[in-house]
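Contents: one structure, followed by commentary.
Note that ligands are numbered from 1 as they come in the structure, with each ligand's atoms numbered from 1 the same way.
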Amino acid sequence: MYSSLAVSFTLGIVAISIYARFFDPLRDIPGPFLARWSRLWLIYHSRKGDMHTTMINLHQKHGKLVRTGPNEVSTADPESINPIYGARTRFRKSPWYSVSQGHRKFDLFAERDEKIHGAQRRLVNSIYTVENMKKVEPSVNTVIALLLDKLSELGTEPTDMGMWARLFAFDVIGQVTFSKQFGYLENGYDEDDSFKYMHAAVRSAAWVGQIPWLYWAHDRLMPLIGNWLGVNARHGRMRNFVAGEIEKRRDVTQKHHDLLEMLKKVKSEKPIEMNDINVLSMATTNIFAGSETTAVSIGAILYHLCKNPVAMKKLKEEIKSMENEVGSSERCWPLNVANRMPYLQACIQEGLRMHPAVGMALPRTVPEGGIVVAGKLIPEGAVIGANAWVIHREKEIFGDDAHEFKPERWLSENSAQYHRFFFAFGAGARLCIGKNLSWIEISKFIPSLLRGWDLELVHPDERPKQICW
Ligand code: HEM
C-alpha cells in the first residue's frame, strides 16, 4: 500500500517536472520558485498586503516580466499597457474579480463581460463627469468645514492625519451620495466598526480572489457552515446600510442634489435597464470603492509633502498667492481656484504616483492569439497584470529619479508621457469612474487644510506602515 503510494507520488513529481521543463508555455519567465507551481505564493502576498513592494523588488531583480503564478505573470513593460488596458482591448478582467462581484448583477468594478459592463457604464457615466461632479462641491464643503472645526478643537496636539483623512473621505461619500454623513467626523471614530469590516472585506477579496473556487464552494455551504469570509461584508453590511438609506428616501418629498437622486433619475428614465437593485449596487460601490482609496491618497500626499519641505514650502507659497481670490471668510478652498494652481495639481499627481491607493496588479485574461511582452509570448488563457506601483517606478517612463517625490516632473516638458502612463486610476474602458469626484475632494482638502496649519511628522525617521491591497 505504502509502496504504491510512493510510486504514484514519484511519478506525479516526474510528470510535473517534465511538463515544467519542456511544455509549460511560461517556463522561461523568471519569478519566485513557489509561484511556478502553486497559487499559494499569490495568496500569501495578497493576504499580507505587501504585493506592491514585493512586485517592485521582483521586477528590479528579474526585469519586465515576472511569473507570479502557474498561469499568471506581471508586466512592467510600458509597451504592454495599451494593448492590455487600452480603449479597444480584447483583454478581459480575470476570474479574480468574480469574488468581488459575488451574485451582484450590476457591478461596474467587477463585471467581466465587456458588453454588459459597457451597457451599464453608459447608463451612469454622465453622473460622474467633471461638470456634473462640480455640482456636489457644496456637499464637500460641508464636510471640510466640519473637519476644520474638529482639527481646531485639537489645537497643536499630535494627531493621526491618516485617520482624519479616512473619517473625512467616508463622510464625504455619505454626504455626496445620500446628503447624509455617517457621523464619523462628528464622533472622531467609526462607532459601527465600518473601517474594520471594510478592511477585512478588501483583504479577503484580495486573497480569496486568487482561488475563486473557494469563494463559490463557501457560498454553497454557507447555509450549513455560516459566513467565514470577510469579503461577504461587501455584499452584506454595507449593502444593508445603503438599502436603509434608500428606503428612508422613499417617503421623503424633499428634493436632494446628491448621487442617489441622480441614480434614481436614471432609473425613472430607463426603468428596465436600471432597477432598484442596480441603484443599490451603484450606491454601495460609491462607498466601497471611493472612500478608502481617497483617504489613502490624501494621507500619502500629506506624508510626502511633510517629507519634502521644499515642495511643502512651494505649495504653501502658491496657496498664499491665491488667498486674495478666495477671501478669508471662505473656509473651504473653492474648486475653481484649486484647478488654476499648477503646483497643487502636480503635488496631487505626484502623491498618487508615489503611492497609488490600489496595491495589487489589475489582472486580465489574455485573449486569442496571445500577447508578446518583452520578447516572450504569453499565450491565450494566461493571466497578465500591471501593478501601478511598479509602472510608476519605471525609469524608462519617469526617469532615473522615478523613486523620488518631485511634483515638478508634472510641470516639465515630459509631462504628456507621464500622464500617458499614470495608472493610479487604471486605464481605458475600465478607468475609475470616481476619478473626478476624488480629484475634486483632494483638490479642495489639501489647500483648505494647509492654508491654516503647518504639518510635520511626529516621527520623521520612521518608515510609515504600508499595507496595501
Ligand atoms: C483616489 C481615489 C481612487 C482611486 C486611486 C481609485 C482607483 C481605481 C482603480 C485603479 C480602478 C480600476 C480597477 C480595475 O481596472 O480593476 C478603479 C475603478 C473603479 N472605481 Fe475607483 N478609485 C478612486 C476613487 C473612486 C471613487 C470616489 C469612486 C466612486 C464614487 C470609485 C469607483 C470606482 C468604480 C465604480 C470603478 C469600476 C469602473 C469600471 O470598471 O467601469 N473610485 N478605481
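- Below 4.0 Å from some heavy atom of R121 lie the following atoms of ligand 1, by number and element: 38 (C), 39 (C), 41 (O).
- Classification of E396 and K64 as a salt-bridged pair holds, one side-chain N sitting under 4.0 Å from a carboxylate O.
- Using a 4.0 Å cut-off between heavy atoms, Y97 contacts ligand 1 through its side chain alone, with no backbone atom that close.
- In this structure a side-chain-to-backbone donor-acceptor pair under 3.5 Å is missing from K444 to A338.
- Although no hydrogens or angles enter the test, the distance criterion places no donor-acceptor pair under 3.5 Å between the side chain of R92 and the main chain of R112.
- The only member of D190, D192, D171 that meets side-chain hydrogen bond (donor to acceptor under 3.5 Å, both in side chains) when paired with Y184 is D192.
- One N or O on the side chain of D107 and one on the backbone of A110 form a donor-acceptor pair closer than 3.5 Å.
- Close contacts between ligand 1 and A424 involve ligand atoms 5 (C), 7 (C), 10 (C) [criterion: under 4.0 Å to a heavy atom].
- Neither the backbone nor the side chain of E111 has a heavy atom within less than 4.0 Å of ligand 1.
- Contacts of L362 with ligand 1, taken as heavy-atom pairs under 4.0 Å, involve the side chain alone.
- Every atom of ligand 1 with a heavy atom of R430 under 4.0 Å away is listed here by number and element: 12 (C), 15 (O), 39 (C), 40 (O).
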Could you walk me through whether L263 and T177 pass side-chain contact (heavy atoms from CB on, under 4.5 Å), step by step?
CA-CA 10 Å; L263 289 167; T177 312; 5.5 Å; no
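- With ligand atoms numbered from 1 in the order given, ligand 1 contributes 5 (C) to contacts under 4.0 Å with heavy atoms of A357.
- Each of the following atoms of ligand 1 lies closer than 4.0 Å to a heavy atom of T285: 35 (C).
- Side-chain atoms of R430 and H117 form a donor-acceptor pair, as typed in the model, at a separation below 3.5 Å.
- Of the protein's non-hydrogen atoms, the one nearest atom 29 (C) of ligand 1 is N286 OD1, 3.5 Å.
- Looking at E350 and K406, no side-chain N of the basic residue comes within less than 4.0 Å of a carboxylate O on the acidic one, giving no salt bridge.
- At least one heavy atom of H117 sits less than 4.0 Å from an atom of ligand 1.
- Note on atom 21 (Fe) of ligand 1: protein N, O or S atoms under 2.8 Å away count 1, no waters included.
- H392 contributes a side-chain N or O that, together with a main-chain N or O of R353, makes up a donor-acceptor pair within less than 3.5 Å.
- Residues satisfying the side-chain hydrogen bond (donor to acceptor under 3.5 Å, both in side chains) test with D149, not counting sequence neighbours, are R331.
- A salt bridge is absent between K93 and E111; no separation between the charged side-chain nitrogens and carboxylate oxygens falls under 4.0 Å.
- Separation of the F91 and Y85 ring centroids does not fall under the 6.0 Å cut-off.
- When each atom of ligand 1 is checked for a heavy atom of K93 under 4.0 Å away, the hits are 14 (C), 15 (O), 16 (O).
- Looking only at heavy atoms of the protein, atom 1 (C) of ligand 1 is closest to S297 OG, 3.2 Å.
- Between R364 and ligand 1, an N or O atom pair is found at a separation short of 3.5 Å.
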